Amino acid sequence: MLLSICSSIMSAQNADTHLNIKHLGDRQTIVRSEENQKYLLLPIQEKAHEARLYMIVDNDVVKTINVRLAVDSIDYYVPLELSAYQEKGVAFNIQLVDDSAVCWQTMKLSDTFDTANREDFRPVYHFTPAYGWMNDPNGMVYKDGEYHLFYQYNPYGSMWGNMHWGHAVSKDLLKWEHLPVAIAPDGLGTIFSGSCVVDKDNTAGFGAGAIVAFYTSAGERQSQSMAYSLDNGRTFKKYPLNPIITSTLRDFRDPKVFWYEDTKKWVLILAAGQEMQIYSSSDLKEWTMESSFGQGQGVHDGVWECPDLFELPVEGTELKKWVLVCNINPGGPFGGSATQYFVGTFDGKKFVNESPAATKWMDFGKDHYATVTWSNAPAGRSIALAWMSNWQYANDVPTRQYRSANSVPRDLSLYTADGETYLKCTPSPELLKMRGKAVKKHAFKVDRTYNLQQLLKDNTGTYEIEMTIKNRNAQEIGFQLYNAAGEEVDFTYDLSARTFKMDRTKSGLTIFNKDFPAVTAAPFEAKDELTLRLFVDKSSIEVFGDDGRWCMTNLVFPSEPYNRISFYAKGGTYSVSSFTVYKLAFNE
Ligand code: FRU
């Protein structure tokens, strides 16, 4: 008797939501949907602990996720798709500590989920997921006029977890169309980072022109798996004999695959502890380890992740050299995540670093990580994309509907300075199409202030500034971007130390994490003329110096657009010989 009274008190039939909820005690709750609708909308509270949710169809578990179900207040909702199971009805077994959590009254069935933007900080011309969490760009591949971007994605909250491959396509690297999730977790684990190739000659036997994806299955251990698509990435089928490469190492991930013409073999490079391992294969399925790279090379103050390996021409020569990209976290020059690289030779089996004593960084900001290049890019281009955040604070940045954006795409080449070969990263030419009318100013000497609001007519916080600076005799030259709220970003050339610095300590919202306020610094070569391109979006600034010979990517969260720029000099003067501002927007 007592038992049945308890269970009727504990079970709730909410007529509005058509959910039958039964709390069973001991952290167990069964929720059954009693009406066919497209989504179960889950209320999320980011501070809550992760609950475990098993989705059950016909008594079998079809999906398992971790979700921060709201306990005392709701930050936002995320949708759980039910449409595939409408015939059979869906139940959920949810393991959550708190029986009295608000999620039980507020989860609801719905045929719609609103993805209209709700974030002031959402960038305009940088890729972001419509909702949910994003980290590394994955599987970037070009095929039949489309650039594919897959990415580390949590569709069930805007914090890291439940790793899937999200998917978007673009014809111009800038305007992205969101597509459904491409690869979802399975019995081998969640889906960590990796790459795609186009198997033109059907070496794997999945079909000529198949897009073949390589990713890390992250279970108790990490192993490499593959999946293929015969419909230009719209759907993927997992290879039944996964995993294809295993190890006893704890950190063993992020396979990047490419074709090596001389040996007519596929090459796979992945991160294995403090090294990169290189494998080869004729059919994309059976892999032989050829070599490893890393001992005594570069920075090792963190985990090596997300490798890439590609050949590039050296400007002004007939030479080509190989570049091995090694993302490292922590251990970056300004704390946390960063991208280092090595330049050398590769013979299909082994990479040799030509200057083992040098440490080379691809970007001198704090928000440039997990950088990899597009496979099969047209016209022999090497196009890189970085995740524009840092593991120190990525989960804390002040957005909710989504978290994290990517950098602008950058075309890579090599240049030589003082006998060393370095990567040059230039904003991909597609970005020129975003430019509105050029607003040019005549050459001027400092000090000078411009009102960007007036120059751009209406400053929405998305613009590019292009300028050339000629030093006369100053010790330090600089400029500031600032707004009426007293928020500012300071840029300085220290001419004796030859470092360019960007200071975001007063840039706007900074207190969400102690590691966010920062000054970052890039070395530059002595020159008569210093050129700069600054890409400002709603919550980031990317600086490209001297035609991409150095670059700096930093997030900023101003409460209103920076709409003034003012120049100053210390210990002498300098002139700005050209200064142009462009509003950046999608010009139809
Ligand atoms: C890099 C990384 C990868 C891993 C992925 C998981 O940011 O840690 O090594 O595959 O993120 O989301």
Side-chain angles (χ1 to χ4, degrees), residues 50 65-66 129 132-140 149-167 181-186 188-196 213-227 243 245 247 249-257 268-277 294 300-308 325-332 335-340 362-363 366-373 384-397 402-407 553 555:
E50 283 182 327
I65 60 171
N66 297 323
W133 161 271
M134 174 176 81
N135 56 294
D136 317 357
N138 292 156
M140 288 138 62
L149 168 64
F150 301 90
Y151 52 90
Q152 286 289 280
Y153 184 44
N154 184 3
Y156 306 116
S158 299
M159 294 171 85
W160 187 87
N162 305 306
M163 283 297 115
H164 291 59
W165 273 25
H167 188 198
V181 157
I183 308 182
D186 56 33
L188 294 173
T190 54
I191 313 297
F192 274 17
S193 290
S195 58
C196 284
F214 297 84
Y215 57 89
T216 301
S217 292
E220 284 299 313
R221 290 282 166 168
Q222 301 180 344
S223 56
Q224 315 320 316
S225 293
M226 67 198 282
I245 307 178
S247 164
L249 287 171
R250 285 209 160 270
D251 290 308
F252 186 67
R253 56 178 179 265
D254 309 340
K256 169 80 189 204
V257 178
L268 180 151
I269 180 166
L270 55 74
Q274 289 292 304
E275 292 184 334
M276 298 304 183
Q277 291 182 352
H300 284 272
D301 299 338
V303 183
W304 281 24
E305 300 184 317
C306 302
D308 202 348
V325 171
C326 167
N327 291 279
I328 178 170
N329 175 66
S337 323
T339 309
Q340 66 174 328
M362 196 161 163
D363 186 282
K366 273 198 82 148
D367 300 298
H368 180 275
Y369 194 57
T371 316
V372 281
T373 60
L385 198 66
W387 173 51
M388 200 157 51
S389 196
N390 188 315
W391 282 115
Q392 284 183 329
Y393 44 74
N395 277 292
D396 304 330
V397 296
Y402 76 94
R403 250 193 212 97
S404 298
N406 287 332
S407 70
T553 303
L555 294 175

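One is the number of the first residue; the rest follow in order along the sequence. Values reported hereafter were calculated over all heavy atoms of this structure, with side chains retained and with hydrogens, waters and symmetry mates removed. This one's a predicted model, so the numbers in the text were calculated from it and none came from an experiment. Every number for a ligand or one of its atoms is a count from 1 in the order of the listing.
- Contacts of Asn329 with ligand 1, taken as heavy-atom pairs under 4.0 Å, are absent altogether.
- The nearest heavy-atom contact from the protein to atom 1 (C) of ligand 1 is Asp136 OD2, 2.9 Å.
- Set against the non-hydrogen atoms of Trp391, the atoms of ligand 1 under 4.0 Å away are 1 (C), 7 (O).
- Side-chain contact check for Thr553 and Ser407: no donor-acceptor pair (N or O, by modelled atom type) lies under 3.5 Å.
- Considering only heavy atoms from C-beta on, Pro255 comes within 4.5 Å of Thr216 through its side chain.
- None of Asn135, Asn327, Asn329 except one satisfies the side-chain hydrogen bond (donor to acceptor under 3.5 Å, both in side chains) rule with Ser337; the exception is Asn329.
- Taking a cut-off of under 4.0 Å to the non-hydrogen atoms of Tyr369, the atoms of ligand 1 that pass are 1 (C), 7 (O).
- Nearest non-hydrogen protein atom to atom 8 (O) of ligand 1 is Glu305 OE2, 2.9 Å.
- Of the protein's non-hydrogen atoms, the one nearest atom 10 (O) of ligand 1 is Asp254 OD1, 2.6 Å.
- Residue contact check: Asn135 has heavy atoms under 4.0 Å from atoms 5 (C), 6 (C), 7 (O), 11 (O), 12 (O) of ligand 1.
- Contacts of Trp387 with ligand 1, taken as heavy-atom pairs under 4.0 Å, are absent altogether.
- Between Thr216 and ligand 1 there is no heavy-atom distance shorter than 4.0 Å.
- Taking distance alone, with nitrogen or oxygen atoms compared against 3.5 Å, Arg253 approaches ligand 1 more closely than that limit.
- Ranking protein heavy atoms by distance to atom 6 (C) of ligand 1, first place goes to Gln152 OE1, 3.2 Å.
- Below 4.0 Å from some heavy atom of Ser193 lie the following atoms of ligand 1, by number and element: 5 (C), 10 (O).
- Under the 3.5 Å distance criterion, the side-chain polar atoms of Glu275 are left unmatched by any main-chain donor or acceptor of Leu270.
- Less than 4.0 angstrom separates some heavy atom of Met163 from each of these atoms of ligand 1: 12 (O).
- A side-chain hydrogen bond (donor to acceptor under 3.5 Å, both in side chains) with Asn138 is found for one member of Tyr151, Trp165, Tyr153 and no other, namely Trp165.
- The pair Arg253-Asp251 meets the salt-bridge criterion, with a side-chain N (NZ, NE, NH1 or NH2) lying under 4.0 Å from an Asp/Glu carboxylate O.
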